[in-house]
Structures are given as C-alpha cells and as structure tokens.
Undergrad: 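Pasting a structure here, questions to come.
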Amino acid sequence: MTQVPNDTMFDPEAIQIDLSLPDEPERPEVEIDLDFGDFASSSSADDIQIDLSVPDEDQTSVGPAGADLDDEDPEVQAALATLREELASRPGGWYVVHTYSGMENRVKQNIDFRVKTMNMEEYIFETVVPTEDAVEIRNGARKTVTRVFTPGYVLVRMEMTDDSWSAVRHTPSVTGFVGHANSPVPLDPSEVERMLTPSVVAKVVAAHADSPARRRRKVEVVDYRVGDNIEIIDGPFASMHATITEINPRNQRLRANVEIMGRETPLDLAFTQIQKA
C-alpha cells in the first residue's frame, strides 16, 4: 500500500468547489402595455363609472307628480287658492293624530263612526288622510296607485275640548296627538296646505288625463331599496350580482356596486336591467 506523505494530507478547507452556473445570454427587457385608456386613468375604483344604460321607451313621460304643473300653472294656482280659502273659512283647527303604521284609513273610519255615535258633530268636523298619486314599478310593470302621503298620521279638524279630545284620543289604533299630549297645538294653515297639496295636484292631473302633457305621475320604486342585492340581467355584466347604493325614482335609474377584478365598481343601471337576486 502506498503511503501518502504528511504534507499532502487531505485538507477540507483547501478544497473549493465552483457551483456557479454558466451565464445565460442576456435577454431583452419586454414591456407590456397595460394602458386601458380612460379606464386606467382613474386613481381608484370609486372613480370608475360604467354606463350600461339602455334607452327607455316613453322615459320623458316619467316624473314627479305634477312635474309638468309648476307653481305658475294657472289651474294649480286656482286649485290651491280654493284650498286656502276653504282652510281659512272652515271652523276649528287642524290637529295631527298619530296612528299605527298602515292603519290611517281605518282610524279615519273609526273617528268618523265615533263622532256620529257620540254626537260630536258640533266639535269634530272633518277627518282627512293626506294622499298622493304615484306610479309603482313592480317587475318592470307600471301601476298608478293612490297612497298615504304622511304614513302614520291623520288630520282632524275640530274644536278642542275635553270631550272632543277624549273622543279622538281613545279611538282604536290612535296612539296620541302630535305635540303636547293633553293640550295639542293646531297646525299652521301653511302646514295643512303642504300636506293636502299632493292630493289637490292629483285632482288637477286627473281632470286632464286625456292630455299627454298631463299624464305624468311620481314614480316610486317599491321593489328595491338601498342595500338590496340585485342581479344584472342585461348588458355586458349580465348574470353578475351587485349591491344598490343609490336610487333615482324620477328617471328610473339606480347605482350599484359590482365587484370587477377584485374591486367594487359603481355602475349606472336602468330598472329594466336588473332583478332581485
């Protein structure tokens, strides 16, 4: 056996192993153009607005109740003048009675019945539920309805005495008078006029129902509320889900947030483009 000299003994620290890889040929830098034009110019998703609107048929005929009847309309002025004269000439003061929600018409019937059975005609003269005409949209179909203008409240024209107060206050479904519980204060005539104006305007509009210019009604979205989850059924984002953030009943449009590429993006939609999720 061959002997290895001491000066050539194995020294691990003297061993150097080159583990480097051969240099790869230098590759040119590749630039990817991610410029989406105006879409990418927004600083955040909140700035992005996509209009998925479609032309609505007869959209110009939609507007607030009496939208074509401004304050200068002679027929509206005449009707309101008559209302003011009646409010000024009728005896008694107008008081507001609070009721359970949805029981306004029942309370009116109950008060009228108690007035007759308790012989209070000389003190309680009139009971009114302020109303307004509206067009409700349900599943894309329009329907003209008359609804309560001030839910939960009924107007009573009366002379306030202990007996008349008791007759009204203890009517079923009445929770009390608005104002001081035992000595309520009558409304100012201007407040009564404001509450009764929608029904007066509705009568003027109804009297000209045959005129296309007078067929406008207030549009109310009954099926949708802010925060509702909806499904888009028309347009490039059909079948996607969104959350309603704003509703504009007047022009039958709404805004909703939809998640696009991990970001919430507001969309402007027509009622005909959505349905409840």
Side-chain angles (χ1 to χ4, degrees), residues 64-66 79-80 82-84 86-87 89-139 141-207 209 217-225 228 249:
L80 293 178
T82 301
L83 174 63
R84 295 187 193 101
E86 292 177 350
L87 293 177
S89 61
R90 293 175 182 175
W94 288 91
Y95 296 86
V96 181
V97 175
H98 189 268
T99 74
Y100 292 116
S101 180
M103 298 295 292
E104 299 85 4
N105 290 313
R106 177 63 62 85
V107 166
K108 169 181 166 51
Q109 296 174 0
N110 290 341
I111 292 177
D112 292 343
F113 178 78
R114 286 170 63 85
V115 168
K116 293 180 179 180
T117 57
M118 299 175 66
N119 298 318
M120 297 294 297
E121 292 91 340
E122 294 183 1
Y123 300 97
I124 303 175
F125 312 109
E126 186 177 2
T127 309
V128 176
V129 178
T131 61
E132 64 176 346
D133 283 357
V135 173
E136 296 180 348
I137 300 178
R138 293 181 180 272
N139 297 324
R142 302 180 184 181
K143 181 180 179 181
T144 302
V145 299
T146 299
R147 66 178 190 179
V148 177
F149 178 63
T150 53
Y153 298 97
V154 175
L155 293 179
V156 181
R157 183 168 59 87
M158 57 187 290
E159 292 287 350
M160 185 62 65
T161 66
D162 291 343
D163 291 338
S164 63
W165 178 92
S166 178
V168 174
R169 175 62 185 86
H170 296 108
T171 298
S173 299
V174 169
T175 60
F177 283 89
V178 174
H180 300 288
N182 297 322
S183 57
V185 178
L187 291 176
D188 185 89
S190 62
E191 295 177 309
V192 181
E193 179 183 344
R194 180 183 61 81
M195 298 177 71
L196 298 181
T197 291
S199 60
V200 172
V201 174
K203 291 178 181 178
V204 175
V205 174
R217 296 292 189 276
K218 182 176 180 180
V219 176
E220 183 72 14
V221 187
V222 175
D223 282 357
Y224 305 115
R225 297 288 185 272
D228 282 355

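Basis for what follows: all heavy atoms, side chains included, without hydrogens, waters or symmetry-related copies.
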Undergrad: Where is the tightest heavy-atom contact between A167 and M120, given as atom of each residue plus distance?
TA: CB-CG, 4.4 Å
Undergrad: Has S164 got a side-chain atom pairing as donor or acceptor with E159's backbone, closer than 3.5 angstrom?
TA: yes
Undergrad: As a quick check of understanding, evaluate side-chain hydrogen bond (donor to acceptor under 3.5 Å, both in side chains) for D112 and T127, giving each step before the final call.
TA: CA-CA 7 Å; D112 292 343; T127 309; 3.1 Å; yes
Undergrad: Determine whether a donor-acceptor pair (N or O, by modelled atom type, separation under 3.5 Å) exists between the side chain of R169 and the backbone of V174.
TA: yes
Undergrad: Any side-chain heavy-atom pair from R114 and H170 closer than 4.5 angstrom?
TA: yes
Undergrad: So, taking the atom named OG in S173 and the one named CG in N105, what distance separates them when rounded to the nearest 0.5 Å?
TA: 12.0 Å
Undergrad: Would you compute the distance between atom CE of M103 and atom NE2 of H98 and round it to the nearest 0.5 angstrom?
TA: 13.0 Å
Undergrad: Using 0.5 Å steps for rounding, measure from the CG atom of N119 to the CD1 atom of I124.
TA: 11.5 Å
Undergrad: Testing V156, V178, T175, L155 for side chain to side chain contact (heavy atoms under 4.5 Å, CB included) with V97, which one passes?
TA: V156
Undergrad: So do E104 and P151 actually touch side chain to side chain, heavy atoms under 4.5 Å?
TA: yes
Undergrad: Could you check if a side-chain atom of Y95 sits within less than 4.5 angstrom of a side-chain atom of M160, using non-hydrogen atoms only?
TA: yes
Undergrad: Looking at every heavy atom in both P186 and G93, which two are closest together, and how far apart are they?
TA: CB-CA, 4.2 Å
Undergrad: Only counting residues at least two apart or in another chain, list the ones meeting salt bridge (Lys or Arg N to Asp or Glu O under 4.0 Å) with D163.
TA: none
Undergrad: Kindly compute the distance separating CE (M195) from OG1 (T150), expressed to the nearest 0.5 Å.
TA: 4.0 Å
Undergrad: Between E121 and K116, does any side-chain N to carboxylate O distance fall below 4.0 Å?
TA: no
Undergrad: Measure the acute angle between the ring planes of F177 and W165, then classify it against the limits of 30° and 60° as parallel, tilted or perpendicular.
TA: parallel
Undergrad: Would you say that more than 12 heavy atoms from the other residues, nucleotides or ligands in this model lie under 6.0 Å from the CD of E191, or not?
TA: yes
Undergrad: CH2/W94 to CD/E193 distance, rounded to the nearest 0.5 angstrom?
TA: 12.5 Å
Undergrad: Around F149, counting heavy atoms of other residues, nucleotides and ligands shown, do more than 12 lie under 6.0 Å from its CZ?
TA: yes
Undergrad: Between S166 and D162 (side chain of the first, backbone of the second, donor and acceptor by atom type, cut-off under 3.5 Å), is there such a pair?
TA: no
Undergrad: Mind checking the OG1-CG spacing from T171 to N110? Nearest 0.5 Å is all I need.
TA: 6.5 Å
